[in-house]
Amino acid sequence: MSKELRIVFMGTPDFAVASLDILVQHGFNIVAVITAPDKPAGRGLQVQESAVKKYAVSKDLPVLQPEKLKNPAFLEELRALRADLQVVVAFRMLPEIVWNMPPEGTINVHASLLPNYRGAAPINWAIINGEKNSGVTTFKLQHEIDTGDVLFSDTVAIREDETAGELHDDLMHTGATLLLKTVQAIAAGTAKGTPQADIPAADVKHAPKIFKETCEINWQHPLDNIYNLVRGLSPYPTAWTTLQGKNLKIFKARKEHTTPSKTPGDFDTDQKSYLKIAAPDGYLYLEEIQLEGKKKMEIEAFLRGYRF
């Protein structure tokens with residue numbers, strides 16, 4: 001016999017919307033949605049609402065947007081909701097006073113197969129590291145980030161040419177389905193947590209925040225590593241290099257394993273259809289790029305307008 005759960009949902013970007021939507025579509029009682037404050041963005045600094053807020057408003061769900069999660073007024077509002085369960089998908093770190101509040105605890109949907117790829121950028125690092133599989137995990141929050149007991153997980157294959165953006169969308173839908181299964185199990189009283197220490201993993205890999213220097217291509221690295229870096233950072237924050245002294249973002253590329261006639265980092269082009277850059281064991285053919293100060297474009301369009 002399932003019990004009626006009062007659920008508070010916390011999330012901000014598109015990735016979280018699918019998870020919130022599946023709970024709404026299956027009739028769960030979402031008593032409030034907590035998301036990031038509105039903020040100015042874009043050239044005109046227009047105030048932007050988060051994807052989760054837009055969805056919540058469209059469904060007439062109450063929305064809270066605290067600046068600080070330890071703010072006494074916010075904590076009072078949260079307590080007054082009398083939530084049985086909190087669900088976190090792509091939100092910020094929660095203080096213990098928040099995650100420990102509901103009797104059923106707080107669960108998180110994480111875009112990796114824990115204990116691997118704990119951290120801020122699990123989707124990117126799985127591709128950068130050349131993994132053949134990724135996945136999603138639901139787990140209960142506790143003190144150390146991404147270390148709580150695992151409830152359920154589901155594996156998703158990574159295609160050889162898949163980008164981080166494409167894997168993000170695959171995991172978004174898989175994560176929503178897994179969340180539904182998890183919340184249904186909690187409501188039915190059948191959810192059993194497994195400590196991450198009990199889950200076999202060789203060397204646990206991590207997914208730290210990505211900085212600009214992480215995104216710079218080192219052309220001395222093997223071609224496969226460079227290709228994986230481009231895929232793993234596309235469409236954001238994007239791998240980059242320099243072309244004749246200007247920064248060049250690479251969104252899409254293909255690889256050719258061969259013995260290059262050029263030194264790693266040097267480019268070759270017919271100035272019409274291809275621009276390729278040498279690695280020690282082949283060439284990376286650029287397909288979609290953005291030169292500093294220019295728009296993003298396909299390589300043929302770029303070559304039509306660029307003079308070497």
Side-chain angles (χ1 to χ4, degrees), residues 9-23 33-36 50-52 55 86-94 99 106-142 144-183 185 191 193-194 196 199 201 203-211 214-215 228-239:
F9 185 94
M10 304 182 185
T12 296
D14 282 324
F15 189 87
V17 173
S19 289
L20 177 55
D21 180 58
I22 205 166
L23 296 180
V33 171
I34 298 171
T35 191
S50 76
V52 163
Y55 174 86
Q86 290 173 161
V87 173
V88 179
V89 185
F91 196 53
R92 50 189 143 151
M93 278 185 68
L94 301 185
W99 60 254
T106 299
I107 59 170
N108 185 212
V109 177
H110 186 73
S112 81
L113 296 171
L114 292 172
N116 273 315
Y117 296 108
R118 294 174 182 145
I123 296 173
N124 306 96
W125 283 108
I127 293 181
I128 291 169
N129 289 340
E131 301 287 359
K132 302 291 186 245
N133 292 296
S134 179
V136 283
T137 304
T138 52
F139 70 98
K140 283 210 162 184
L141 288 192
Q142 61 181 40
E144 293 293 320
I145 190 164
D146 299 338
T147 60
D149 289 359
V150 167
L151 297 165
F152 295 100
S153 62
D154 198 0
T155 301
V156 171
I158 300 175
R159 299 187 306 279
E160 201 164 304
D161 61 349
E162 191 160 20
T163 64
E166 291 162 342
L167 180 58
H168 166 282
D169 292 352
D170 290 347
L171 295 178
M172 177 171 69
H173 298 298
T174 304
T177 304
L178 194 71
L179 174 64
L180 176 63
K181 176 180 175 180
T182 304
V183 174
T194 303
Q196 290 190 36
I199 299 171
D203 293 326
V204 172
K205 295 165 185 155
H206 298 282
K209 190 173 176 182
I210 289 171
F211 297 96
T214 317
C215 305
N228 291 342
L229 185 75
V230 170
R231 291 190 303 127
L233 296 172
S234 178
Y236 182 82
T238 325

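Quick caveat, the model's predicted, so the values are computed rather than measured.
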Donor-acceptor pair, side chain of Asn116 and main chain of Lys205, under 3.5 angstrom: yes
Nearest heavy-atom neighbours spanning His110 and Gly119: CE1-O, 3.4 Å
Separation between OH of Tyr236 and NE2 of His168, rounded to the nearest 0.5 Å: 13.0 Å
Glu162 backbone acceptor or donor facing Arg231 side chain under 3.5 Å: yes
Sidechain-backbone polar pair: Ser234 side chain, Val230 backbone, donor-acceptor under 3.5 Å: no
Beyond-backbone contact of Met10 with Leu94, side-chain heavy atoms, under 4.5 angstrom: yes
Asp154 CG to Leu179 CG distance, which is reported to the nearest 0.5 Å: 12.5 Å
Any donor-acceptor N/O pair, Asn124 side chain to Leu233 backbone, under 3.5 Å: no
Considering all heavy atoms, the nearest Gln86-Thr106 contact: NE2-OG1, 2.8 Å
CZ-CD distance between Arg159 and Glu166, expressed to the nearest 0.5 angstrom: 5.0 Å
Any side-chain heavy-atom pair of Leu167 and Ile158 under 4.5 Å: yes
Asn129, Asp146, Thr137 screened by side chain to side chain donor-acceptor pair (under 3.5 Å) with Tyr117, the one that passes: Asn129
Donor-acceptor pair, side chain of Ser134 and main chain of Val156, under 3.5 angstrom: no
Derivation of the side-chain contact (heavy atoms from CB on, under 4.5 Å) call for Trp99 and Asn108: CA-CA 10 Å; Trp99 60 254; Asn108 185 212; over 6 Å; no
Minimal non-hydrogen separation, Ser50 against Thr35, with atom names: OG-OG1, 2.7 Å
Donor-acceptor contact present, side-chain Thr177 to main-chain His173, <3.5 Å: yes
Closest approach of Val150 to Phe139 (non-hydrogen atoms, all atoms of both residues): CA-CB, 3.9 Å
Minimum heavy-atom distance Ala176-Ile22, with the two atoms named: O-CG2, 3.4 Å
Minimum heavy-atom distance between Pro13 and Ala90, given as atom pair plus value: CD-O, 3.1 Å
Student check: side-chain heavy atoms of Glu144 and Arg118 closer than 4.5 Å: no
Spacing of NZ belonging to Lys209 relative to OG1 belonging to Thr214, to within rounding of 0.5 Å: 10.5 Å
Exam field: side chain Ser153 to backbone Val136, donor-acceptor pair closer than 3.5 Å: no
Distance (rounded to the nearest 0.5 Å) between Cys215 SG and Ile210 CD1: 6.0 Å
Non-hydrogen side-chain atoms of Ile34 and Phe91 separated by less than 4.5 Å: yes
Check against side-chain contact (heavy atoms from CB on, under 4.5 Å), Leu114 and Ile199: CA-CA 8 Å; Leu114 292 172; Ile199 299 171; 5.9 Å; no
Contact check, side chains of Asp149 and Thr194, non-hydrogen atoms, under 4.5 Å: no
CD1 on Ile128 to CD1 on Ile123, rounded to 0.5 Å: 11.5 Å
Worked check of side-chain contact (heavy atoms from CB on, under 4.5 Å) between Val33 and Val52: CA-CA 8 Å; Val33 171; Val52 163; 3.4 Å; yes
Backbone of Pro208 reached by a side-chain donor or acceptor of Trp125 within 3.5 Å: yes
side-chain contact (heavy atoms from CB on, under 4.5 Å) between Asn133 and Glu131, worked out: CA-CA 6 Å; Asn133 292 296; Glu131 301 287 359; 6.0 Å; no
